[in-house]
Amino acid sequence: MSARHDIPATGANSVGTPPSGGTPPEARPVEITATLPTGPPPAWAVLQRHLFDELDSAWRLFGDRYTEPDGRLRFSGTIPDRDGADDFYEAFFNWPALYRLGGADDLLPAVKRHWEGVTAQLTELGLYRDEFERGYDWFHQGEALLMFYGICAADPADQRFRDRARRFAEQYLPGSATGNYDPATRTLRSPHNGSDGPRTGLGPQWDDRFGHEQRGMRPYGLPLRDVPGITSWDDLADEDNAVRMGHAMRDRLGRGDTAVDLAATALVVNAWLYDHDPRLADWVLEYVDAWRERAAAVGAMPDNVGPSGEVGEDHGGRWYGGHYGWTWPHGVHSIGAATLVGAISAGMLGRADARLDLARRPLDQVWEQRRTAMPYDTGATRRPGWAHALGLGEGRTVNALPTRVGPEGWFDHQPAQVAYWTWLWWFGMRDEDRARLDRVREHSGYDWREVHAFRDKEEAGHEAPWLAYLDGDNPGYPERALRMALAQVAHRTALMTAENADTDGLDLHKWQRVNPVVTEVLTQLTTGAPQTLYNGGLPLARVRYDDLDAARPGLPRDVAALVEHLDSTGTTVQLVNLSTVHTRRLRLLAGGFGEHLITEAHWTGGGEQYPGDSHDYHLPTGPEPEHSVPVDDNGLHLVLPPGRRIRLRLDMRLNARPFAHHISPTTFRRAR
């Protein structure tokens, strides 16, 4: 591991006082020095730093066992259809996030090497051209791009990735040579799109026939429910029916626009974050507003638009039925994610709450159809994973929401996916969205304070106990969640060491199942944000950190952070230096992209040293004195001497500054 820079314990400047010489005082950030002795280290802080250490060993083991020297995954098969590219990147989806949180110095160059190796590999397999997906749906493209977005956020000074970000985004602007976007109808011309432009149909896998033998798709039911003579899955056993279904899918699902294409907005915003080019912003707002207008016109969030720009053009006038839409295969799980990505992407460009109605509508639609006391396996997709995640056993009932709708009405009831309501509230901090979230909790039928040990490929799902913690209703969450995360790392490491590293056949999900990097809990506790939206969200945060002495993003070594509360007016965060030798200096930045303004900082002081004895600390017995300082900036510097801690209440104006890929040229060298 590359060594971090250590500096000896020294006296610190007083609050807001810059060192002599250099930049004028008015340009220097506020600096606060922690003075409270840590005392017995908090369990959460010790566990958090232990988790960083375990993750450092785990990602190296994964790289040794599953990747080649150039970063590509060990895979000797072929891929005969369009599906599969996302699975290669998903093995590393949260590795850049770990680096940005404070992972090892050499993790960032490793992540870049893996991205470039996998991209070359996918080009050789025929799935990529010009370093980008040739053409596939945005439910999967969003998953594949999480790794890329994370690299851009972790090292915005890397010109290679900056150039790629711009080149990728340009493919979706009006007048692009790819022709993906039709400005006359304000639509993407095909559900499958990319560097090859609009790709008609759904690929050879389904265009020619869609048969009953596809076991993986059977739980989701018929892709189209109005093809004459095909009313059940068993009808697809007839070859003529299989061919007719495939042709209908090609002609109806394989053209026009679909709501999951809204995830493409994050690709364009990621490029906008570098230089705020208004052309990029204009396209995002135009495309998002087109979908908002359609939703307002039909009174529901539609999932399909035909080639002429009309909702329902290929589906008998119905607003549902499009590819990866309300009816097939995932319903609100794809529509909810895509509308959140679109609404948040537009919100990042200004007036952050103005377009959240796009994301509210589909959640309100399923909420209106809520049911109580349903058997946990009622859902048509029979997802026992949810029953396990919520601690439900056979015979238990749940309060559920429908996830899909078809000609027969709403169906496939499942427990609410709390992450979507969490993101809606978290990004906009509106009272009406907090009320929505509170109603989901009241209706859920299970205890939000429990921390259930599970992990799916999205590495999310623990929003409920975290939210209860932020509300002061679950004080043990940090320690329990960190222990769970450590157990997840241990489990994945055991899987890696117990199995043959070779990939068998076309099991493209194997790498995801053994990826040992876990970031959900670290993201919640240190940055005060939910886990990134898996189908294409950008890496947002309430606060994040830069190591001033190592000149890189992330918490310094030995430092643990805990966001204890957040609301529309500010954030409370505690920081602890567990080192008994080294002073640690960091910058706290308000917002994942520096978008919040810290107006004032408040903290407690006390616990001064006994004169002449630098190792014997006087623990205060009375009330700790309160300190405050105006900040009027999106960041401040913190000095944490050995064995010191601080709890800060930061008054904030949210989204008061432009979102931007943020790096300080006077402090940071380029990370490679």
Discussion item. Is there a side-chain contact between Tyr534 and Lys457 in this structure, where contact means two heavy atoms from C-beta onward sitting under 4.5 Å apart?
Written reply: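 The answer is yes, as the side chains (C-beta and beyond) meet within the 4.5 Å cut-off.
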Item to complete: Could you check if a side-chain atom of Glu54 sits within less than 4.5 angstrom of a side-chain atom of Thr493, using non-hydrogen atoms only?
Response: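 When only atoms from C-beta onward are counted, Thr493 and Glu54 do not touch, as no gap falls below 4.5 Å.
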What's the spacing between [X] [atom1] and [Y] [atom2] if we round to 0.5 Å?
X: Leu98; Y: Thr523; atom1: CG; atom2: OG1; result: 9.0 Å
X: Phe93; Y: Met147; atom1: CZ; atom2: CE; result: 11.5 Å
X: Ile344; Y: Leu349; atom1: CD1; atom2: CG; result: 12.5 Å
X: Leu146; Y: Gln141; atom1: CG; atom2: CD; result: 12.0 Å
X: Phe132; Y: Gln171; atom1: CZ; atom2: CD; result: 5.0 Å
X: Tyr545; Y: Arg587; atom1: OH; atom2: CZ; result: 13.5 Å

Pairing of [X] and [Y] as salt bridge, 4.0 angstrom limit:
X: Asp137; Y: Arg82; value: no
X: Asp196; Y: Arg134; value: yes
X: Asp106; Y: Arg60; value: yes

Restricting to side-chain contact (heavy atoms from CB on, under 4.5 Å), what partner residues turn up for [X], sequence neighbours left out?
X: Ala590; answer: His596, Ile598, Met652
X: Ala419; answer: Glu463
X: Thr185; answer: Asp182, Thr187

Got a sec, which residues hit salt bridge (charged side-chain N to carboxylate O under 4.0 Å, His left out) with [X], two or more places apart in sequence or on another chain?
X: Arg360; answer: Glu432, Asp433
X: Glu459; answer: none
X: Asp633; answer: Arg657
X: Arg164; answer: Glu116, Glu131

Practice prompt. Indicate whether any N or O donor in one side chain lies under 3.5 Å from an N or O acceptor in the other, for Asp87 and His140.
Written response: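 Asp87 vs His140: no donor-acceptor pair found between side chains.
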Practice prompt. Go through the side-chain N and O atoms of Asn94 and Asn515 and say whether any donor and acceptor fall under 3.5 Å apart.
Written response: yes
Taking all non-hydrogen atoms of both residues into account, name the closest pair between [X] and [Y] and its distance.
X: Pro191; Y: Thr258; value: CB-CG2, 3.9 Å
X: Phe659; Y: Leu540; value: CE2-CD2, 4.2 Å
X: Cys152; Y: Ala165; value: SG-CB, 4.4 Å
X: Tyr274; Y: Asn270; value: CD1-O, 3.5 Å
X: Ala337; Y: Tyr420; value: CB-OH, 3.6 Å
X: Leu202; Y: Met249; value: CD1-CE, 3.9 Å

Response to the item:
The salt bridge (charged side-chain N to carboxylate O under 4.0 Å, His left out) partner of Arg585 among Asp549, Asp546, Asp547 is Asp549
Return a table of donor-acceptor pairs under 3.5 angstrom between the side chains of residues 119-127 and protein atoms on other chains or two or more places apart.
unit_1	atom_1	unit_2	atom_2	d
Thr119	OG1	Tyr89	OH	2.6
Thr119	OG1	Trp115	O	2.7
Gln121	OE1	Leu73	N	3.1
Gln121	NE2	Leu73	O	2.7
Thr123	OG1	Thr119	O	2.8
Glu124	OE1	Arg72	NH1	2.8
Glu124	OE2	Arg72	NH2	3.1

Mind checking what makes ring-ring contact (aromatic ring centres under 6.0 Å, His included) contact with [X], not counting sequence neighbours?
X: Trp283; answer: Tyr181, Tyr287
X: Phe88; answer: Phe75, Trp511
X: Trp328; answer: Trp206
X: Tyr172; answer: Trp138

Worksheet item: Is it true that the NZ or CZ of Arg492 lies under 6.0 Å from the centre of Phe62's six-membered ring and within 45 degrees of the ring axis?
Response: no
Worksheet item: Under 6.0 Å from the six-membered ring centre of Tyr99 and within 45° of its axis: does the NZ or CZ of Arg544 meet both?
Response: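 Negative - Arg544 is either too far from the ring of Tyr99 or too far off its axis.
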Worksheet item: Does the pair Phe161 and Lys112 meet the rule for a side-chain contact (heavy atoms from CB on, under 4.5 Å), with working shown?
Response: CA-CA 9 Å; Phe161 281 87; Lys112 293 178 181 179; 3.9 Å; yes
Discussion item. Quick one, Arg542 with Val573, criterion side-chain contact (heavy atoms from CB on, under 4.5 Å). Give me CA distance, side-chain angles, the key distance, then yes/no.
Written reply: CA-CA 10 Å; Arg542 173 57 72 93; Val573 58; over 6 Å; no
Worksheet entry | Ring center gap for Phe139 and His323 short of 6.0 angstrom | no
